[in-house]
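The figures that follow rest on heavy atoms only: side chains count, while hydrogens, waters and symmetry mates do not. For ligands, and for the atoms within them, numbers begin at 1 and follow the listed sequence.
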Amino acid sequence: MASTYRDALAVCAIAFACLTSVSRSSPLTCKDLIQPLDEVDPHDFQGTWAMVADSLKVIEAETPVETCKSVRIDFSNTTFTKANLCGERCQLFSRNITLDGPHYSFSYGPVNFTGTLYKTSCADCMLLTFKMDAPKEKTEELCLFSRRRAVDEKNLKEFEAQVKCLDMPEHVVMDWTEALCSTNPGRV
Ligand SMILES: *[C@@H]1O[C@H](CO)[C@@H](O)[C@H](O)[C@H]1NC(C)=O
Ligand SMILES: *[C@@H]1O[C@H](CO)[C@@H](O)[C@H](O)[C@H]1NC(C)=O
Ligand SMILES: *[C@@H]1O[C@H](CO)[C@@H](O)[C@H](O)[C@H]1NC(C)=O
């Protein structure tokens with residue numbers, strides 16, 4: 001079971017956009033940088049998102065946590081479909097999420113997923129935490145998704161600062177030249 005849901009879920013899942021901007025008065029403190037969204041309207045998040053940067057903290061794992069070359073999330077109402085390209089394979093996963101203010105949750109068998117949506121100054125991005133709580137595996141991520149495959153240097157600088165504020169490990173920037181998987185089963 002453990003490797004099954006590991007495969008299906010791998011790194012980072014859900015997402016939601018941030019149409020609200022962090023106010024731009026210098027210098028930014030962690031209090032400015034880490035602000036949960038005030039309101040989450042699922043309609044703002046419809047469509048396709050690509051992961052552009054990710055910070056992963058492994059709290060507990062029996063085997064190394066697999067990292068993926070690309071991560072795509074499509075939203076339709078509160079149903080999301082996630083397509084990860086890990087190794088040469090696409091992994092598809094679909095779930096309905098429950099929203100509670102800026103917080104979301106969903107489960108998959110014995111595994112619980114929770115997270116919070118945060119504000120970002122990147123207009124076509126969504127910033128969120130993603131916590132996986134499985135019987136033998138616990139991870140925490142801070143993920144930056146965008147409508148674009150890559151974001152500007154200033155967006156990455158802000159993300160880097162947000163990673164530090166949350167005391168998360170150094171982030172990786174996704175390679176935007178890697179293909180995104182299709183969210184239709186059976187096609188890459
Ligand atoms: C989203 O949900 C609303 C109300 O629950 C429904 O009317 C609409 O058809 C749904 N849209 C999609 C794309 O599923
Ligand atoms: C999401 O909820 C809808 C309506 O309750 C259901 O028809 C659908 O199968 C669910 N999708 C997933 C992936 O659980
Ligand atoms: C997941 O959540 C359910 C319901 O809140 C709880 O009963 C269960 O123990 C949780 N699982 C883990 C692995 O924390």
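Using a 30° and 60° split on the angle between ring planes, F113 and F106 fall in the parallel class, below 30°. Ring orientation note: the planes of F75 and F80 are tilted relative to one another, at an angle of 30° to 60°.
Between the side chains of T81 and D74, no donor-acceptor pair is found at a separation under 3.5 Å. Counting only N and O atoms by type, the side chains of D175 and T177 include a donor and acceptor under 3.5 Å apart.
Checking atom 2 (O) of ligand 2 against the protein gives a heavy-atom contact under 4.0 Å. Within 4.0 Å of atom 7 (O) of ligand 2, not a single protein heavy atom is present.
Summary of contacts: the protein heavy atom closest to atom 13 (C) of ligand 2 is S94 O, 3.4 Å. Among all protein heavy atoms, the one lying closest to atom 14 (O) of ligand 3 is D133 OD2, 3.4 Å. From the protein, the heavy atom lying nearest to atom 4 (C) of ligand 2 is N96 ND2, 4.6 Å. If you check which protein heavy atom lies closest to atom 11 (N) of ligand 3, you get N112 ND2, 2.9 Å.
At a threshold of 4.5 Å between non-hydrogen side-chain atoms, the residues L180 and L85 do not count as touching. Side-chain contact between E66 and Q91 is present, with at least one heavy-atom pair separated by less than 4.5 Å.
Between R95 and ligand 2, a contact under 3.5 Å exists for no N or O pair.
Taking a cut-off of under 4.0 Å to the non-hydrogen atoms of P110, the atoms of ligand 3 that pass are 11 (N), 13 (C).
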